[in-house]
Every structure is written in C-alpha cells, then in structure tokens.
Amino acid sequence: MPRGSLLGDGLEAIGAQALAAARGIAEPLHLLANALAGLTQLGGARGAYFRATLLQQIYFTGAQALWLVMAIGFALGILAVLPLKVLDLGGLDIQVLVLNIALFHQLVPLLVAVVVIGRSGTAVTAELGDMQVSGAIESLALMGAEPHRFLVLPRLLAFVVAMLLLTFWGNLSAIAGAAFYNELQNELGFIRVFSACIAALELLPMAQTALMVLAYGMAIGLIHCGFGLSSQSGPHVQRNLARAFVHSLCTCVAITLLFSVTTR
Amino acid sequence: MTQVLLQAKGLRLKGFSNADSWDFQIQASECWWVTGARGSGKSAMIKTLLGQVPAVAGELLWKGQSVYRMSAREVRNSRPFLGAVIDGGGLIPAWTAHANLMLGLRLKELSVEQSAQAIDAFAAQFGIPKDWFGKAAAALSADQGALMALARAALRQPEVLLIDSDVLVAALLKGGTGMAGVLPWLLQRGCALLVSSPTQPDALEKLLPCEVQARSICMNNGSMHYVSEPHV
C-alpha cells in the first residue's frame, strides 16, 4: 500500500492504534507477572522489606481511610432510602432489595475505589515517579533488587487487601445509614432494617462482589504503579498523576459494568 | 596474575551508529578516568558496562563470564560484585539517608545489627556528619545526596565501582568532608574504579594519593580513545 494515499494512511493509523492498545494490555500484564514472580523470593532481607511495605501500605490505604469510607457509606445508605420514602415505596422489602442490588454490589465498591484511587493510587504514582526520576529504581536494580518485585508486589497486594476491607466496612456503614434514617422517621426501626439487610446477603453474590473488588485492587495497583514507573521527569510525574486517576477510574467502571451484566 | 574483573571485546554502543568498536578491561585495584564532552558516550559506556543497556555488537564479560549469555537470575546474582553511583544519586527520596544505607547492606543479606554497625564505623572513619542520617534523602542537598550514594555503594564493598555522577566528582573535588578518602580506601581494598567526568584527568588526580597512578580514556561520539596505554 503506497504511503501518503488516503487508504494507506488510514491503515497505518489503525495499525498504530491497534499496537498502542496491545501495548496497553501487554505492559500491565508483564508488570503483574513480574511482580507475582516475587512471591517465590520472600526470604531474608527482601521478605522483611516486603512485609514492612505491605503493612505500611495497608495501614495507609485501608486503616487511615476507614473514617472517610464510613462517612461516605453512611451517607449513601441514607441517600438510597430517601427517594424511596419520597415516592412512597418505603416498604422493608423494597429497601432491602435496592440496598442489596444497587449499593452493596455496585455503588459502595465503586465509591470505595474512587476513594482509594484518589488517596492512595495517586500517592503511589507520585512516590514511584519520584523514585524513577531520582534514579532510585535504577539503583535498586543495580543492587540486585528487581523493582517490580521489590516495589510493585507489596503495593499491589496492599491495594487488594485494603479494597476488600474498605468495601466490607463501606457496606456495613451503608446498612447503618439506611437503618438510622428509618429510625429517624419512626417507621421500621434501626434493628429491623439492619437485621433484614444482613439476612438478605447471599454467599454467591458476595463472592462475586469480592472477586470484583479484587479485580479493582489489582487494576488500581497495576495502573498507578505502571504510570509511576513510566515517569521520566518531574513534569511527567504531574501529568501521569491525572492520567493514572482517569485510567483507573474508567477501568473500575468497566469492571463494575462487566460484573453487573454477567453475574446478575 | 591479576584477575580481569570487567572486560569489553569489540563493543559498540547503542545510539552511536558511526562509532568504532572498542576493547577495554579493568583489573583489581585499578583506577580509570573516563573523560569526554557532554553527549560523547560516557554515560552510555557506563550503562553498557553495568549491563543496563545492551551493546549493538561485541561482548561484555564480568569475571570472565559473558553477560549477554547469562540468565536474568545470574545477572541479578552477579550484581553485588558491581557497584555504581549514577547521576541523581539514586537514593529513595522518601527514606532517610540511614534507611537508604541500610537497604544497600541488607540486600547483601547482612543482619540489621551488622548493617547498623558497618554504617557507624564507616561514618566515623570518613567523618560523615551525624545529622545527615536522620534526613530524608529528598531533603539532602545534591552534594550530600551524591556523597551518601557513594557511601551506600562503598559500604557494599564491590569489586568494581563505576561512577557516573558529575555532582559526586565535583563534591569530592570540593572537599570539606572526609569522604574524599573513600576512593583511595576502596582501591586499597582491591576495588577497581571507573570514574566518568567531563573534568580533565589532571584535575581528577587530586582525588587520589600521589602514589596511585590512574589511567584514562576519552570518549568521543561513542568511540573510545586511550589516553593511557591499554592493557595488552
């Protein structure tokens, strides 16, 4: 196909897009495989650094965000039952159904993901970006510590653990919020709504949601670590912060859609 | 016979299409200055010798073993024999200087106590101010960061140390701390040094005691020119 012709240029553009898309998938998978390979090398000093980083990241991503997630979950619980009351659909069964489908398995996990992306994901991108720019990543490799295993693996696992913890906590808070609103309205009462919501939870949908949250954690970790490690300069780190935020948010929305459509 | 630690045979650097291939080797207790203008290929040479960037042609040997035929695990396991101080220092910015030094030693599988003792002894020997250790690496000045990077590399007691940091060379030439004694100390312990700098070799001689004779090479557009006699 001659270059410069309309068809030739079009094909070239499509090829370039396809290559970029393939790279976009292959690079995180390479990062994941390389990081997970580090699970076999957790003895000695490397193991000690792995455990310390893992706990530090779980504390920062999970424990320090508990209050924020609790407040958001509580507010979501109230906001979910409020329109039902306004529309005079405030029966216990309807409330439990709406909370179960819309909140526990979709909105709460997604909003927890937004909190984690905004608080911890961007911090990881900035941290790894700074390390890349200062040559610390290169130095680690020269000292025999594979950066993907040494830096990415504990952060990846911490994101997964923290996401699971925070989603559980967010859902509990949402139930509490909904029950509290009912108590305020002097209708169904706190204990009754709370018990009904807990009783409505089923093992299979909960396992599916846990799987979805696990996918969130992996995606957030890979995207933010990947953008951090690919930063070449200070201004590039700044640009990558926003790009990583948008990428991981879109990925989490896509994962939610995928799980919601295929499992329910 | 002295062992050849690092050897390049018919090497051609990546990114220098018109460059000649060159041979080079370094033995224990030797010091080589690599000089040349900015963009002449000094850093490319160091990165290639460190195995970070593959050469376009030729062979690179670490202690007689071809690096390009080693597995990734073998390369990683061979790392402790090579030390490097690169531009920017390479310290983890958010960690304290002390934690960075500890990391270097802990990755060599020294215990926490052994690492802390080695750092204390090194600091006392070369007069490193105590207050540097408690600062985050990002809070150190460029000179201090480069000197701490040298301390981290030296504490790991490599057999070959490659330095590609203009800031470090300038800081060592400026003096003011006892760190200038680190390079002679390393040579005395049998470590080979390869120091890249745009500074002329005559000026660099100040870094070594009079009795030590350094050799020098000059890089020009990816090609190497021996200023001193090469090894036969």
Side-chain angles (χ1 to χ4, degrees), chain A residues 30-31 33-53 56-57 59-60 120 122-152 154-155 225 228-229 231-234 236-237, chain B residues 43 46-47 49-53 72-95 99-112 114-115 136-138 140 142 145-146 148-150 152-153 155-156 158 160-162 164-165 167-168:
Chain A
H30 172 250
L31 184 61
N34 219 357
L36 291 181
L39 284 171
T40 58
Q41 297 162 351
L42 294 179
R46 282 175 177 76
Y49 277 105
F50 168 80
R51 286 187 292 278
T53 313
Q56 199 179 27
Q57 292 292 327
Y59 177 72
F60 172 63
S120 311
T122 45
V124 164
T125 305
E127 185 190 12
L128 295 187
D130 273 354
M131 288 176 69
Q132 185 69 272
V133 173
S134 70
I137 306 271
E138 200 179 337
S139 286
L140 273 176
L142 289 172
M143 290 191 293
E146 216 287 320
H148 290 176
R149 295 171 194 179
F150 191 80
L151 298 169
V152 176
R155 284 166 178 78
C225 290
L229 291 175
S231 303
Q232 302 299 327
S233 62
H236 200 201
V237 176
Chain B
S43 294
I46 300 270
K47 279 186 187 344
L49 292 178
L50 284 169
Q52 284 180 293
V53 176
R73 183 187 293 264
E74 285 173 323
V75 171
R76 209 167 40 247
N77 291 342
S78 305
R79 286 284 178 213
F81 114 94
L82 269 178
V85 181
I86 55 171
D87 224 6
L91 301 176
I92 297 179
W95 291 16
N100 272 288
L101 298 191
M102 286 289 280
L103 174 68
L105 291 168
R106 296 279 286 129
L107 286 175
K108 271 197 93 176
E109 296 302 338
L110 264 70
S111 70
V112 175
Q114 287 170 326
S115 305
L140 294 171
M148 291 313 271
L150 174 64
R152 182 175 68 178
L155 272 163
R156 284 167 59 84
V160 186
L161 179 64
L162 293 94
D164 182 26
S165 167
V167 177
L168 174 61

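Numbers restart at 1 for each chain; the letters A, B, ... are given by sequence-line order, proteins then strands. Just the heavy atoms: all of them, side chains too, but no hydrogens, waters or symmetry mates, feed the values below.
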message: Quick check on B:Leu110 against chain A: is it the side chain, the backbone, both or neither that has a heavy atom closer than 4.5 Å?
response: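 Contact with chain A involves no heavy atom of B:Leu110 at all.
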field: Over all atoms of both residues, closest heavy-atom pair of A:Tyr49 and B:Met102
entry: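 So the two residues come closest at OH-C, 3.9 Å.
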State the [atom1]-[atom2] distance between [X] and [Y], to the nearest 0.5 angstrom.
X	Y	atom1	atom2	answer
A:Arg149	B:Arg76	CZ	CZ	4.5 Å
A:Glu138	B:Gln52	CD	CD	4.0 Å
A:Glu146	B:Arg79	CD	CZ	11.0 Å
A:Leu142	B:Leu162	CG	CG	9.5 Å
A:Leu140	B:Ile92	CG	CD1	4.5 Å

query: When only pairs under 4.5 Å are counted, which of B:Pro158, B:Ala153, B:Gly90, B:Ser78 shares the most heavy-atom pairs with chain A?
result: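 Highest number of heavy-atom pairs under 4.5 Å: B:Gly90.
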message: Side chains of A:Ser139 and B:Ile86, heavy atoms from C-beta outward: is any pair under 4.5 Å?
response: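 Side-chain contact under 4.5 Å: yes.
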query: Do any of residues 123-132 of chain A have a heavy atom less than 4.5 Å from a heavy atom of chain B, and if so, which, in residue order?
result: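 Within residues 123-132 of chain A, near chain B: A:Asp130, A:Met131.
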message: Please classify the contact between A:Ala48 and chain B as side chain, backbone, both or neither, with a heavy-atom cut-off of under 4.5 Å.
response: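 For A:Ala48, the side chain is the part near chain B, not the backbone.
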- request: Could you tell me how the ring of B:Trp95 sits relative to the ring of A:Phe150: parallel (under 30°), tilted (30 to 60°) or perpendicular (over 60°)?
  value: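 B:Trp95 and A:Phe150: tilted rings.
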